[in-house]
Amino acid sequence: MINKAKRHIIRIVQESIKKTYSVKGLLISVERTKDGKFGDFSTNAAMMHSHKLKEHPMSIGKKLCKNIQQSLSKDSFIDKVELVKPGFINFYISKRFWIDVFKEVILAGEKYGRSNTGDGKKILVEFVGSNPTGPLNVVSARAASIGDSLCNILSFNGYDVKREFYINDAGEQVSRFVESLIARYNQIYNPDFPFPDDGYHGNYVKDMAKELDEKYGRSLLNKRADDVKDRCRSFYLSKILGDQKRDVEGFGVKFDVWFSEKTLHDSSKVTNALKKLEECGFVYEKDGATWFRSTKFGDDEDRVLIKANGAPTYFLADIAYHLDKFERGFDKAIDFMGPDHHGHIGRLKMAIKALSIDEKWLDIFIVQQVNLMRGGEKIKMSKRAGRFETMRDLVSEVGKDAARFFFLMRSQSSHLDFDLNLAKEESSKNPVYYVQYAHARICNILKHAEEGKIDMGGIDNPNMELLNKPDEIELAKTLAGFKDICEISALTYTPHRIAGYLLKLAGVFHNFYNKHRVVTENKKLTAARLLIVKSTRIVLVNGLRLLGISAPEKM
RNA sequence: GCGCCAGUAGCUCAGUUGGAUAGAGCAUCUGCCUUCUAAGCAGAGGGUCGGGGGUCCGAAUCCCUCCUGGCGUACCA
């Protein structure tokens, strides 16, 4: 709808330029105005080209404007064209044009807002992935909301999207965890058994040791160390991954692939990646270790790929992982990483470059930290104390909808203060309810209309001309903007725009609701207004679905 | 020291890639429920967009510089 208008206006302006000036190749842009007092669309053509044409913007604008006005046919959907102060040419669109949106929405239904900008491109989004050394925390919850919602949005725009969870089930941290677990297990029988200095202190390790004890009893005490490690490893991994999977699914996220880092090592993909880097000439040996010449790409120092002890670093494994993604045929890969991965990003991109993969193939975003607040007080998060920091506790306290919405209101790159009291509050202060309430209200109107058994003679084709109140037009314009928002949000990987849009739409609707009754004695008007309300509902539902948030019919 | 991110209303944050008088929510104040949900609406106050330069017809947005905060700067992940 908006695109249609935009294209039309661009053509008109171009023709007008052609008629007035002989200069060729002048680009013009037409934008939606952000304020209604400047009309609906505007072009800055006169200002943009005043330099090239060596003429004052207002003077150019005057000519163009006059031309355009003359060329408008009587049945054009452009009501008015005017030239304003610095040189903007503003276009006012007729009410009739906007009103058509309601029918368009109803017709498209759950498809309304979709686009095909993705053109079936295969895109892999990796998010949440973490060390399997404990329950998922609130930052993971934030990443889950953002990653999942972005995937929804990308699919909505015609991309072929896969969600992937990377399990860091190899390397140092896992060994450390196993050591901690073995220590806790031993402590059941011998309280003096030493606990490793760099071990995991959380209480869940003790709980897990108890479960281990339930399964094996004393039998592990006198087994070979290697054997014990293996058993503990697989015991705890399946346990923790099971928990993480449940947490994530309880949050409404379903991953297509749970990718194990260990399989990269086992399948020699890691060594292959190293070989490729070698072939490209960016690898050398020093001090018994194998290094990546990242300084060639602007790094401060070169980075280790194979440690002196012969074990590959996380860095090398991650290179192998991304090479694997590339070889799986994805047109694009997106990673969401935790704040602690800051330094890693640049290096990973360097490695990608070294493998002569297009830099633009990989985009990496940091999901910033979350401060949990309660009544203005920051809750101190400490892994040791194992206090309120897990995704599960968060969801059980504030609910999936509130948690997701709060995470999706903000852009992922900024630090977030998450107020638990506010998220829990069932009141006007809580933005989640604000949006959901709009939906519930609509459902109630529809129910009311049905119960009233109002006979809608000729309801099949209500007379939309009856809709001419400013609030109705405003609603139409807002609904028309949904598609643009979806597209921008997909193109810039910013799901929070959808949340922002929904808040706006809910506001416009609440305003309309308070000023006008939908179901009245006036049957024709009722029929037309029911169409408004139904189409608003569709957009609310579509938007909430993109965020993974429910649209309750009653509140 | 170096690198990345941030600094916008009392608080928490948006700002569609350079547009017009910088926007929401919370908090504060004033109105609105015999009529489809008041979890709502309308209105008011509140700003040197961290400071200073520069580019441009036009800057919160781009460039330079300084100040402040967070994080990173491992043969951890």
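All chains are named by letter (A, B, ...) in the order of the sequence lines, taking the proteins before the strands, and each is independently numbered beginning at 1.
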When rounded to the nearest Å, what value does the distance between C1' atoms of B:G72 and B:U16 take? 31 Å
Between B:G50 and B:C32 - C1' atom distance, rounded Å: 41 Å
Under 4.0 angstrom, heavy atoms only, what part of the nucleic acid is A:K447 near: base, sugar-phosphate, or nothing? nothing
Under 4.0 Å, counting only non-hydrogen atoms across every strand here, what does A:D287 touch: a base, just sugar-phosphate, or nothing? base
Calculate the interatomic distance between A:I28 atom CD1 and B:G18 atom C1'; express it in whole Å. 18 Å
Assert: residue with more 5' nearest nucleotide on RNA chain B, out of A:R347 and A:D300, is A:D300
Give one of base, sugar-phosphate or nothing for A:Q369, where a contact means two heavy atoms less than 4.0 Å apart. sugar-phosphate
What distance, rounded to whole Å, do you find between the two P atoms, one in B:G7 and one in B:A60? 14 Å
May I ask you to evaluate whether A:H496 reaches the phosphate of B:G15, defined as a side-chain N or O under 4.0 Å from OP1 or OP2? yes
How many whole angstroms separate atom CG of A:N371 from atom C1' of B:G69? 13 Å
Indicate, with a heavy-atom threshold strictly under 4.0 Å, whether A:S411 touches base, sugar-phosphate, or nothing. sugar-phosphate
Test ring pair (Phe, Tyr, Trp, His ring centres under 6.0 Å) applied to A:F336 and A:Y493, A:F407, A:F365, A:F165, the passing residue: A:F365
A:D471/A:K469 salt bridge by N-O under 4.0 Å criterion: no
Please state the P separation for the pair B:C2 and B:U8 - nearest whole angstrom. 25 Å
Enter the distance from A:C443:SG to A:L540:CG here, rounded to the nearest 0.5 Å. 9.5 Å
Under 3.5 Å side-chain donor-acceptor pair for A:R497 and A:T494: yes
As a test of the definition: with a 90° window around 0 for syn, would you call B:C33 syn or anti? syn
Considering every strand and a 4.0 Å limit on heavy-atom distances, what is the contact class for A:N44: base, sugar-phosphate, or nothing? base
Within 45° of the six-membered ring axis of A:F292 and under 6.0 Å from that ring's centre, is NZ or CZ of A:R347 located there? no
To the nearest angstrom, the NZ-C1' distance between A:K504 and B:G15 comes to 13 Å
Rounding to an integer number of Å, can you tell me how far A:F336 CZ sits from B:A77 C1'? 20 Å
Strictly by Watson-Crick or wobble contacts shorter than 3.5 Å, is anything paired with B:C4, and which nucleotide is it? B:G70
Have a look at A:N90 and say if it touches a base, only the backbone sugar-phosphate, or nothing, with a 4.0 Å heavy-atom cut-off. base
Using whole Å, what does the distance between atom P of nucleotide B:C5 and atom CD1 of A:I345 come to? 10 Å
To the nearest 0.5 angstrom, please state how far the CE atom of A:M350 sits from the OG atom of A:S294. 6.0 Å
Answer with yes or no after comparing the ring centroid distance for A:Y166 and A:Y321 against a 6.0 Å cut-off, counting only values under it. yes
With rounding to the closest Å, how many angstrom separate the P atoms on B:G51 and B:U68? 15 Å
Is any side-chain heavy atom of A:N430 less than 4.5 Å from a side-chain heavy atom of A:F406? yes
Of the candidates B:A77, B:C75, B:A39, the side chain of A:Q173 sits closest to B:A77
Is there a Watson-Crick or G-U wobble partner for B:C41 with both distances under 3.5 Å, and if so, which one is it? B:G31
By nearest heavy atom, map A:H516 and A:H344 onto RNA chain B; which one lands nearer the 5' end? A:H516
May A:F88 be described as stacking on the base of B:A20, applying a 5.5 Å centroid limit and a 30° limit on plane angle? yes
If I pick the P atom on B:U65 and the same atom on B:C5, what distance separates them, to the nearest angstrom? 15 Å
If only side-chain N and O atoms of A:Y314 are considered, is one of them under 4.0 Å from the OP1 or OP2 phosphate oxygen of B:A77? no
Just call it for A:G500: base, sugar-phosphate, or nothing, with non-hydrogen atoms closer than 4.0 Å on any strand. nothing
Establish, with yes or no, whether the OP1 or OP2 oxygen of B:C75 is under 4.0 angstrom from a side-chain nitrogen or oxygen of A:K286. no
Donor on one side chain, acceptor on other, A:Q173 and A:N168, under 3.5 Å: no
Nearest-angstrom distance, C1' atom, B:A38 to B:G19: 39 Å
Could you tell me the separation between the CZ atom of A:F509 and the P atom of B:C36, rounded to a whole number of Å? 13 Å
Nearest-Å distance, OH (A:Y513) to P (B:C33)? 15 Å
Write down the distance between CZ (A:R142) and P (B:C13), rounded to a whole number of angstrom. 9 Å
Looking at the side chain of A:R410, which of B:C76, B:U12, B:U35 is the nearest nucleotide? B:U12
Quick one: do A:K483 and A:I2 satisfy side chain to side chain contact (heavy atoms under 4.5 Å, CB included)? Show the steps, please. CA-CA 9 Å; A:K483 194 169 178 171; A:I2 285 181; over 6 Å; no
Could you check if the base of B:U28 is syn or anti? Syn means the glycosidic torsion is within 90 degrees of 0. anti
Classify the side chain of A:S42 versus the base of B:A20 as yes if they form a donor-acceptor pair under 3.5 Å and no if they do not. yes
Short side-chain N/O contact from A:N514 to OP1 or OP2 of B:A38, under 4.0 Å: no
Categorize A:K515 for me: base, sugar-phosphate, or nothing, with a 4.0 angstrom heavy-atom threshold over every strand shown. nothing
Check every strand shown and say whether A:R176 touches a base, only sugar-phosphate, or nothing at a heavy-atom separation below 4.0 Å. nothing
Choosing from B:C36, B:A20, B:U12, which nucleotide comes nearest the side chain of A:I445? B:C36
When all nucleic acid strands are considered with a 4.0 Å heavy-atom cut-off, which category describes A:L416: base, sugar-phosphate, or nothing? sugar-phosphate
What is the nucleic acid contact for A:E487, judged by heavy atoms within less than 4.0 Å: base, sugar-phosphate only, or nothing? nothing
Any side-chain N or O of A:R441 under 4.0 Å from OP1/OP2 of B:A38? yes
Touch class at under 4.0 angstrom, heavy-atom based, for A:T494 against every strand present: nothing
In the strands shown, is B:C26 matched to any nucleotide by a Watson-Crick or G-U wobble pair with both distances under 3.5 Å, and which? B:G10
Answer with base, sugar-phosphate or nothing: what part of the nucleic acid does A:F315 contact at a heavy-atom distance below 4.0 Å? nothing
Expressed in whole Å, how much space separates the P atoms belonging to B:G1 and B:C56? 34 Å
Does B:A20 have OP1 or OP2 sitting under 4.0 Å from an N or O in the side chain of A:K37? no
Can you tell me if the side-chain N/O atoms of A:Y433 get under 4.0 Å from OP1 or OP2 in B:A38? no
Of the nucleotides B:C36, B:G15, B:C41, which has the atom closest to the A:R497 side chain? B:G15
Could you identify the nucleotide paired to B:U17, looking across every strand shown and requiring Watson-Crick or G-U wobble geometry with both distances under 3.5 Å? none
Would you classify A:H439 as touching base, sugar-phosphate or nothing, given that sugar-phosphate means primed atoms plus P, OP1 and OP2, and contacts are heavy atoms under 4.0 Å? nothing
